[in-house]
Amino acid sequence: MLNLPLLPPVAALLFRKSESPLTLADLPALLSSGTAIVVYIFIILSLIAFLVVAVLISNREKETADPVGAPRPVSDEPQETEDEAGGGRFCMLSRIDENRNQYGHKQYDKGVTLDRFCEEFRNYAAYKLKLYYDIEDIRRFVAGMAVSKILILQGMSGTGKTSLAHAFGEFVDNRSTVIPVQPMWKERTDLIGYYNEFTKRFNETLLLEKMYEANYSHDMYVTVLDEMNIARVEYYFAEFLSLLELPNPDERHLAVVSDTWESDPAQLIDGRIKLPVNMWFVGTANNDDSTFAISDKVYDRAMVLDLDRKSERFVAPRTERICLSAEHFAKLTEAAVHEYAVSSRNRKRLQMLDRYLIDHFHITFGNRIMKQINTYIPVYIACGGEELIALDDILAKKVIRKLETQNPIYLRNASEGLLSYLDELFGTEHMTACKDAIRRLQRNA
């Protein structure tokens with residue numbers, strides 16, 4: 001510390017009386033003298049001491065007003081927790097709970113048949129949306145929905161894959177949800193979201209919201225996984241594939257979080273959400289260098305529709321929507337299975353073809369494929385189609401496709417025998433899709 005008794009001598013030196021008065025020329029020498037430096041140091045130290053004392057006094061006042069660690073006064077009003085104040089960790093799902101009544105009151109058309117449904121869907125797409133589809137493609141799409149909750153629309157870009165699923169949602173008065181698949185997706189959290197430990201919130205995705213909403217509704221919901229094979233489907237969609245295989249829909253519960261909060265949404269039981277029975281997943285697939293091959297695990301569980309060409313334009317009559325409930329659609333398909341069961345003649349042909357494929361290629365239909373055949377063909381007929389056309393289509397997609405795994409040289413040599421056997425069983429004018437698929441494999445082998 002600076003010795004205070006030195007101040008008078010310092011001041012005396014600075015302001016001493018001289019025989020000759022100070023001039024501007026003397027000022028630089030005076031300001032740089034040793035005495036001036038001592039004054040500068042004193043002023044700086046005084047300012048620092050003042051600031052330190054001011055800070056200490058301020059902190060002392062705060063401690064006196066509200067000591068650290070002292071209990072705060074207890075209010076009679078209930079204190080909100082962070083969870084209660086923010087409305088829980090599921091913001092959007094909780095909002096759906098609040099508005100759940102708006103999802104369950106619709107007037108559905110219960111007098112429609114599958115044949116009329118397909119015709120009017122095609123006309124609606126053309127008249128309202130200027131989208132043109134062959135009636136056979138519409139029948140395949142609707143019959144595929146009766147077989148599986150997973151459909152794959154594949155073909156060249158621009159043939160209307162995404163538009164077909166979009167048009168269906170417009171037609172049944174429940175707009176389809178389009179989820180663009182990202183190349184880095186690897187697990188279910190990419191689809192349904194994840195819990196953020198930092199924000200204490202769940203990052204809800206559009207798919208999770210639509211699944212939750214669908215469980216309150218009777219509408220038909222379509223979710224489009226756009227460019228589904230830009231990432232590996234069997235990775236990010238694996239749990240969905242497994243759960244949709246369970247025969248009892250009430251057992252299809254997907255884990256969302258690992259624990260439960262009291263503020264969690266009403267339909268989230270033990271941190272799990274039920275896969276809605278009224279939701280279909282429609283994946284669009286392109287086959288090029290930027291995509292992955294879709295595995296047999298996915299193909300076996302899905303129904304496949306090839307859109308390889310644009311359909312011709314036609315003049316469609318004025319057509320309105322048909323609001324069809326998922327329950328009524330299920331009843332129509334069940335009735336079709338009983339009314340239009342596969343004929344005994346074609347059942348015998350299938351058995352003979354199965355034995356031929358086992359003997360020559362070591363592949364078989366399997367129980368899953370036979371179950372799909374027994375549903376697809378009757379519903380396709382109920383949609384206005386023919387039995388052999390439906391049989392040809394599903395065999396080409398489900399059975400002939402398995403020949404891709406065969407040895408190329410053996411396949412090239414054995415394919416002619418298979419073509420001749422198909423002519424022998426069904427006639428030369430039938431099974432054109434199967435024969436085209438075999439010839440395509442033969443050329444690529």
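These numbers come from the heavy atoms of this one structure, side chains and all, not from hydrogens, waters or symmetry mates.
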For [X], give me all partners under salt bridge (Lys or Arg N to Asp or Glu O under 4.0 Å), at least two apart in sequence or on another chain.
X    : result
K435 : D423
D137 : R140
R321 : E170, D173
E239 : R188

If you measure from the Lys or Arg side-chain nitrogens to the Asp or Glu carboxylate oxygens, is any gap between [X] and [Y] under 4.0 Å?
X    : Y    : value
R355 : D359 : no
R175 : D219 : no
E213 : K210 : yes

Under the ring-ring contact (aromatic ring centres under 6.0 Å, His included) test, which residues partner [X], sequence neighbours left out?
X    : answer
F237 : F240, F281
Y236 : W185
Y212 : Y216
Y124 : F171

Using 0.5 Å steps for rounding, measure from the [atom1] atom of [X] to the [atom2] atom of [Y].
X    : Y    : atom1 : atom2 : answer
M211 : L206 : CE    : CG    : 11.5 Å
R139 : L114 : CZ    : CG    : 11.5 Å
W280 : F329 : CH2   : CZ    : 6.0 Å

Would a distance-only check, ignoring hydrogens and angles, find a side-chain to backbone donor-acceptor pair under 3.5 Å from [X] to [Y]?
X    : Y    : result
E204 : M92  : yes
H328 : K110 : yes
R201 : N196 : no
R349 : N346 : no
E197 : Y195 : no

Please list, one pair per line, the donor and acceptor atoms closer than 3.5 Å that link side chains of residues 437-445 to other protein atoms, with sequence neighbours excluded.
{"from": "Q442", "atom 1": "NE2", "to": "S415", "atom 2": "OG", "distance (Å)": "2.8"}
{"from": "Q442", "atom 1": "NE2", "to": "E416", "atom 2": "OE2", "distance (Å)": "3.2"}
{"from": "N444", "atom 1": "ND2", "to": "R440", "atom 2": "O", "distance (Å)": "3.2"}

With sequence neighbours excluded, give me every ring pair (Phe, Tyr, Trp, His ring centres under 6.0 Å) pair touching residues 415-441. Y356-Y421
Does atom NZ (K297) have a neighbourhood of more than 12 heavy atoms from anything else shown, all under 6.0 Å? yes
Show which side-chain atoms of residues 304-313 pair as donor or acceptor with protein atoms under 3.5 Å away, not counting sequence neighbours.
{"from": "D306", "atom 1": "OD1", "to": "Q154", "atom 2": "NE2", "distance (Å)": "2.7"}
{"from": "S311", "atom 1": "OG", "to": "D134", "atom 2": "N", "distance (Å)": "3.0"}

Show the nearest heavy-atom pair for residues I138 and C118, with the distance to one decimal. CG2-O, 3.6 Å
Is there a side-chain contact between [X] and [Y] (heavy atoms, below 4.5 Å)?
X    : Y    : value
I394 : I369 : no
E119 : D115 : yes
N174 : Y221 : yes

Would you list the pairs meeting salt bridge (Lys or Arg N to Asp or Glu O under 4.0 Å) in which at least one residue belongs to residues 240-249, sequence neighbours left out? E245-R368
Under 3.5 Å, is there a donor-acceptor pair linking the side chains of T162 and D226? yes
